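Written out below as C-alpha cells is the structure these notes cover.
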Amino acid sequence: QVQLVESGGGSVQAGGSLRLSCVASAGYTYSMAWFRQAPDKEREGVAAMIVRETRTSYADSVKGRFTISRDNAVKTLYLQMNSLKPEDAGMYYCAADASQYGLGTGAYKYWGQGNQVTVSS
C-alpha cells in the first residue's frame with residue numbers, strides 16, 4: 001500500500017510560482033502524476049512521469065510553465081509551477097500507480113489528500 005502526503009500549496013498572485021511536493025511511503029511506484037480539480041469541474045491530469053525514466057507528459061495548458069520531477073533518494077515528487085494563471089487554481093492531487101501511466105485518472109490507484117492552490121488576478 002502506497003501512501004502519498006502532499007505539501008506546498010497556497011496562495012499566489014498571477015505570474016507567481018509555487019512548488020508542490022508529494023512524499024511516497026514504502027511501496028513500489030512505477031508512475032506518479034499530478035492532477036487538479038477546480039470547483040464544479042472534473043479532475044484533470046496536469047503532469048505525469050515514469051519514476052525511473054525520463055519520460056514525462058504534460059497537459060497542453062501547462063506546457064512550458066510547469067515541471068514535474070522526482071528525487072528518488074527521498075521518494076518525493078515535485079511540481080514546479082511558474083507563471084501561474086487564475087485558471088490554474090484548484091485542488092491539486094498527487095497520484096501513483098504500480099503499472100500504469102498517463103494523464104487519465106483511471107491510471108492511478110493511489111491518491112494523496114489534495115492541496116489547495118489559489119491564484120489571484
Side-chain angles (χ1 to χ4, degrees):
Q1 187 80 4
V2 176
Q3 291 186 327
L4 305 173
V5 179
E6 304 155 4
S7 61
S11 297
V12 66
Q13 288 190 327
S17 298
L18 283 173
R19 189 177 79 160
L20 303 179
S21 299
C22 173
V23 178
S25 67
Y28 176 75
T29 53
Y30 168 73
S31 60
M32 297 187 76
W34 290 99
F35 287 77
R36 68 185 180 191
Q37 188 168 18
D40 300 324
K41 291 190 176 181
E42 291 187 355
R43 191 171 299 188
E44 62 174 350
V46 174
M49 71 180 300
I50 295 177
V51 170
R52 290 170 180 78
E53 297 180 13
T54 58
R55 191 190 321 182
T56 57
S57 299
Y58 293 94
D60 288 342
S61 59
V62 306
K63 283 181 181 177
R65 299 188 298 120
F66 290 14
T67 302
I68 188 171
S69 63
R70 177 176 159 97
D71 185 337
N72 289 329
V74 292
K75 296 185 177 181
T76 302
L77 181 75
Y78 301 102
L79 184 68
Q80 178 65 44
M81 304 185 291
N82 298 327
S83 302
L84 282 161
K85 305 175 181 180
E87 52 264 42
D88 293 319
M91 189 71 78
Y92 280 70
Y93 297 90
C94 174
D97 197 80
S99 62
Q100 301 187 84
Y101 171 73
L103 292 176
T105 56
Y108 298 90
K109 179 178 181 179
Y110 304 105
W111 292 85
Q113 80 283 359
N115 225 351
Q116 184 69 42
V117 171
T118 303
V119 184
S120 57
S121 57

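Numbering starts at 1 and runs along the sequence shown. Quantities reported herein were computed from a predicted structural model and do not represent experimental measurements.
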Contact summary for [X] and [Y], nearest pair of heavy atoms:
X   : Y   : result
P86 : A14 : CD-CB, 4.1 Å
A38 : A89 : CB-O, 4.0 Å
Y28 : V2  : O-CG2, 3.9 Å
R65 : L84 : NH1-CA, 3.9 Å
N72 : V51 : OD1-CG1, 3.4 Å
T67 : Y58 : CA-OH, 3.4 Å

Heavy atoms, side chains only, cut-off 4.5 Å: are [X] and [Y] in contact?
X    : Y    : value
L20  : V117 : yes
Y110 : Q1   : yes
L4   : W111 : no
N82  : F66  : no

Distance from [X] atom [atom1] to [Y] atom [atom2], nearest 0.5 Å?
X   : Y    : atom1 : atom2 : result
S11 : Q116 : OG    : CD    : 8.0 Å
S31 : E53  : OG    : CD    : 10.5 Å
S57 : I68  : OG    : CD1   : 9.0 Å
Q80 : S21  : CD    : OG    : 9.5 Å
D97 : T29  : CG    : OG1   : 9.5 Å
Q37 : T105 : CD    : OG1   : 9.5 Å

task: Just say parallel, tilted or perpendicular for the rings of F35 and Y108, cut-offs at 30° and 60°.
output: perpendicular
Donor-acceptor contact below 3.5 Å, side chain [X] vs main chain [Y]:
X   : Y   : result
E6  : C94 : yes
T76 : V74 : yes
S25 : Q3  : yes

Taking [atom1] in [X] as the centre, count heavy atoms belonging to other residues, nucleotides or ligands within less than 6.0 Å. Is the count above 12?
X    : atom1 : result
Q113 : CD    : yes
E42  : CD    : no
Q100 : CD    : yes

message: Between K63 and D60, does the salt bridge (charged side-chain N to carboxylate O under 4.0 Å, His left out) criterion hold? Intermediate values first, please.
response: CA-CA 5 Å; K63 283 181 181 177; D60 288 342; 3.1 Å; yes
- prompt: Regarding R55 and the six-membered ring of Y101, is the cationic atom NZ or CZ under 6.0 Å from the ring centre and inside 45° of its axis?
  reply: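 That pair qualifies as a cation-pi contact.
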message: Quick check with a 6.0 Å cut-off and a 45 degree axis cone: is R36 positioned over the face of Y93's six-membered ring?
response: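 Not flagged: R36 not positioned over aromatic ring of Y93.
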If hydrophobic clusters are built by linking Ile, Leu, Val, Met, Phe, Trp and Tyr wherever their side-chain heavy atoms come under 4.5 Å apart, do [X] and [Y] end up in the same one?
X   : Y    : answer
V62 : Y78  : no
M81 : L103 : no
V12 : M91  : no

